[in-house]
Amino acid sequence: MDRTLKALSLDDVDALASKIPQRYEYLPLKDDFSIRLLSFSVPERSPDVELRNPSTQEPIPVLLHEVEFDLLEVDLRAQPKYQTLSYVWGDTTVTTEMKLKSGKTMKITDSLRAALVRIVEKREKLPIWVDQLCINQSDMPERTNQVSMMGTIYLSAQHAMIWLGEERDDYTEYFMQLIRAIRTKPAEEHFTLSKDLMESMVELKYDPERPTVKAKRWRSVQEILNRPWFQRAWVVQEAVLSKDLNMMVGRHHFRNCELVKIIRAIHSLEYDLGGYKTSLAKTTKGWESLDAMSDMRDYDSTIQEPNNFWWFLCFVGGRWEATEKRDMVYAFLGLLDKPGLFAPLGFPVKPDYSAPLRSVYISLARTFIDGFKNLDLLSQVIGDELALPSWVPDWAIGTPSMIAFHNASNNSFNACKDRLYHREISSRDPEALIVRGKIVSKILCIVNHHFHRHYFMDEDRGWLNLDGHLEYITTLLAPEATDKITRERVLKTLIADGAVRLHKITTEKYSMLSSERIRELLYAYDMWPRMVVNDSSIPNLGKVKDDLIQLQQYSLVLQNKRLAGCLGNFLALVPRTCLKNRADCQIAILHGSKVPIVMIENPEGKGQWRVIGQCYLEGMMYGEGVDWEEEDADMFKIV
C-alpha cells in the first residue's frame with residue numbers, strides 16, 4: 001500500500017473549507033432605531049407526497065433544515081410588519097445548528113428550535129423578532145441599546161406568539177376541551193356564564209387512583225400554569241405590551257384571553273367552595289403571573305391611578321425569575337412605555353450590562369431616592385441582608401410577603417411633616433446614604449407572634465390573636481407602662497391605623513380610623529366565633545360580616561411584622577427582623593420618610609447606621625412628633 005503523504009494544493013484546501021459550515025457573524029446595526037428580523041420561507045409539500053404519521057395520520061412536522069431562514073435589518077421608524085416570539089430559552093448548553101440562506105449557521109437552543117418549527121407549520125408569512133437571534137448577545141453596547149428598545153419593539157409588532165412547550169401526555173387534550181368550550185360562548189359574554197360553564201366541565205378534586213374526566217380537565221389547567229414560561233421575568237413586558245397574544249402548546253393554538261377566562265372562572269369556583277389550599281392560586285406559579293399580566297394589559301389610565309414603578313420592581317422580585325440578576329430590573333423597563341401604567345419617573349433608568357450587579361442595584365436605588373426626593377424606597381428593604389447596603393432593596397428577591405406601610409396608594413401618613421429628602425454631599429462613600437432626622441423612641445420588647453394571610457383564608461380562628469397580643473405586651477412591659485394599654489390601642493396598632501385601605505374614612509385629627517370605627521371592628525372580631533358556626537342571631541349580621549372582611553383586609557399589613565412596646569409608652573408595629581437586634585433598635589423620623597424608620601447603630605463604624613425597615617409608631621404618624629426646625633435635625637450616615 002502506498003503510504004506516501006500527498007501535499008494538498010491551495011485549491012484543495014479552499015474546496016474542503018467551502019464544505020465546512022461557517023458561523024454567522026453579526027454586523028453592527030446602522031443606528032439606534034435598527035433591529036434585526038428573522039424571515040423564513042417554507043417549501044410547499046405536495047398533498048400527494050405529504051408525509052403522515054401512520055398511527056395518527058397527522059402531518060409529520062416540518063424539519064428545520066427544510067426552512068430557508070434569513071436575518072434582515074430594518075428601521076423601526078419605517079413601521080415594518082413583524083411578529084414577536086415569547087418563550088423560555090431553556091438549557092443554553094444544549095443547542096441545534098440552524099442554517100441561514102447564506103449558508104452560514106447559528107446555534108439556537110432546543111426550546112427555540114421547537115418554537116420555530118411550530119410557527120413555520122402555521123405557514124406564517126410575517127418575519128419574527130426573537131431576542132436570541134436578533135440581538136448580538138456578545139455585544140454589550142448593542143445588547144444594552146436593544147434592551148432599552150424592547151418596549152417599542154413589542155408595542156410595534158402585529159402580534160406575539162407565546163411558546164409554552166410541547167404537548168404532555170393527554171393533559172393538553174383535556175385542556176383544549178376547555179378552550180373549545182369557551183370558544184362556543186360570545187367573547188363579550190358575562191363572566192358568570194363562563195363560571196357556570198367551567199362548573200359543568202371541571203371537578204376540583206383529583207384522585208390519582210381513579211381520576212374522572214372532569215378532574216383531569218382541572219388538572220390540565222394546573223399543568224399549563226406550572227410551565228416555565230409563566231415564571232420568567234422577560235415574558236412580563238412581552239405579554240403586557242403586545243397588541244395580540246396567541247399561545248402555542250405543541251400543535252395547538254389558543255388566545256391568551258381564552259386562558260384568562262378559564263382560570264378566573266375556575267378560581268372563582270374554588271373560592272366559593274373554600275378550597276384555597278388546593279386552588280390554582282396556591283398550587284401553581286402561573287396563576288398569579290397570568291392574573292397580574294392580564295391586569296396590566298387591561299389597565300385603563302382614564303379610570304385607574306398610575307402605579308409606582310420602583311414599588312412594582314420590589315413586588316416582582318421572587319415572583320418571576322431571571323438567570324441574569326440585572327434582568328430583575330432591566331426585564332421590566334419596557335413597561336414604562338405603556339401609557340399611564342406607571343407614574344412618570346422624570347428621570348432616565350437605562351440598562352448597563354457592563355456594570356457589576358452590586359453597582360446596578362445601588363445606582364438604581366439612589367436614582368429613585370434622588371429623583372423623587374423621598375425615602376419611600378425604604379419600605380422595601382428587609383433588614384437582614386448584608387450583601388447590599390441596608391438602604392438598597394435586593395431587586396432579585398423583592399419583598400413578596402410584606403405589605404408596606406406607605407406606598408403610592410397610601411399617602412395619609414406624614415411622620416416627617418412634609419420634610420423632603422435632600423442629597424447631602426458631605427460623604428464621599430458611594431455606598432452610603434446621608435439623611436437628616438431625629439431618634440424619637442427605642443424598642444423595649446417585642447411580641448413574637450407569627451401572622452400569615454392564609455390564616456383567615458383557611459378558617460384559622462386565631463388569625464389575629466388580639467387578646468394574646470394584649471396579654472403578652474402587658475407582661476413584657478413594666479407595670480407602670482401597661483395601665484393604659486387597651487384592646488383598642490392594640491388593635492389599632494396591629495392594623496397600623498388602617499394602612500391597607502381604599503380611601504380616607506375619618507375626619508379625626510392624627511388618625512385614619514376613628515375611635516368609633518375601631519370599636520366596630522372590635523365587635524366584629526368578637527363575633528367571629530359565632531359567625532364560624534353560622535349563628536344568624538347576631539345583631540346587624542350583614543354589617544358585622546362586612547366589618548370582619550374589612551378587618552381581615554386591614555390585618556394584611558401584619559405580614560412579617562411584630563407588635564412592640566417602646567420607650568415613652570408607645571406601641572409599634574415593627575419588622576420581624578427587629579427580633580435579632582431588639583436591644584439595639586432605635587426608631588427615627590427621617591426627612592423624606594412618611595413613616596418612622598427602625599435603625600441600629602453599626603458596631604463596626606461609629607456614627608454609621610443600618611436600616612431595619614419602616615414601622616408604625618403610635619403618636620408619630622402624622623407629624624405630631626416633629627418639634628424641631630429643619631436645620632436642627634441630626635445627620636445619619638446609613639450604610
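For clarity, every value in this text was computed on a predicted model and none was experimentally measured. Heavy atoms only: backbone and side chains are in, while hydrogens, waters and symmetry mates are out.
Other residues, nucleotides and ligands contribute only 12 or fewer heavy atoms inside 6.0 Å of the NZ atom of Lys350. Heavy atoms of other residues, nucleotides or ligands lying less than 6.0 angstrom from NZ of Lys99 number 12 at most.
Between Pro228 and Val88, some side-chain heavy-atom pair lies under the 4.5 Å cut-off.
Between Phe309 and Phe332, the distance separating the two ring centers is not shorter than 6.0 angstrom. Checked against the 6.0 Å centroid criterion, the rings of Tyr421 and Phe372 do not qualify as a close aromatic pair.
A cation-pi arrangement is present between Arg143 and Tyr353 under the rule of less than 6.0 angstrom and at most 45 degrees off the ring axis.
The line from CZ of Arg264 to CG of Leu290 is 7.5 Å long, rounded to the nearest 0.5 Å. Put simply, CG on Leu133 and CG on Leu37 are 11.5 Å apart, with the number rounded to the nearest 0.5 Å. In this structure, CD on Glu173 lies 10.0 Å from CZ on Arg217, to the nearest 0.5 angstrom.
Taking a cutoff of 4.0 Å between a charged side-chain nitrogen and a carboxylate oxygen, Lys285 and Glu321 qualify as a salt bridge. Taking the charged nitrogens against the carboxylate oxygens, Glu167 and Arg251 do have a contact shorter than 4.0 Å, which makes a salt bridge. Between Arg255 and Asp244 there is a salt bridge, since at least one side-chain N of the basic residue sits less than 4.0 Å from a carboxylate O of the acidic one.
Checked by atom type, the side-chain pair Thr96/Asp110 shows a donor-acceptor distance below 3.5 Å. For Ser289 and Trp320, the side-chain atoms include at least one donor-acceptor pair closer than 3.5 Å. Looking only at atom types and distance, the side chain of Gln222 has no donor-acceptor partner in the side chain of Trp287 under 3.5 Å away.
Contact detail for Thr105 and Arg23: the closest heavy-atom pair is OG1-NH1, 3.1 Å.
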Please list every donor-acceptor pair under 3.5 Å in which a side-chain atom of residues 359-366 meets a protein atom from a residue at least two apart or in another chain.
residue	atom	partner	partner atom	Å
Tyr361	OH	Lys325	O	2.7
Arg366	NH2	Pro430	O	2.8
Arg366	NH2	Ala432	O	2.8

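By the ring-ring contact (aromatic ring centres under 6.0 Å, His included) test, Tyr26 pairs with Tyr24, sequence neighbours left out.
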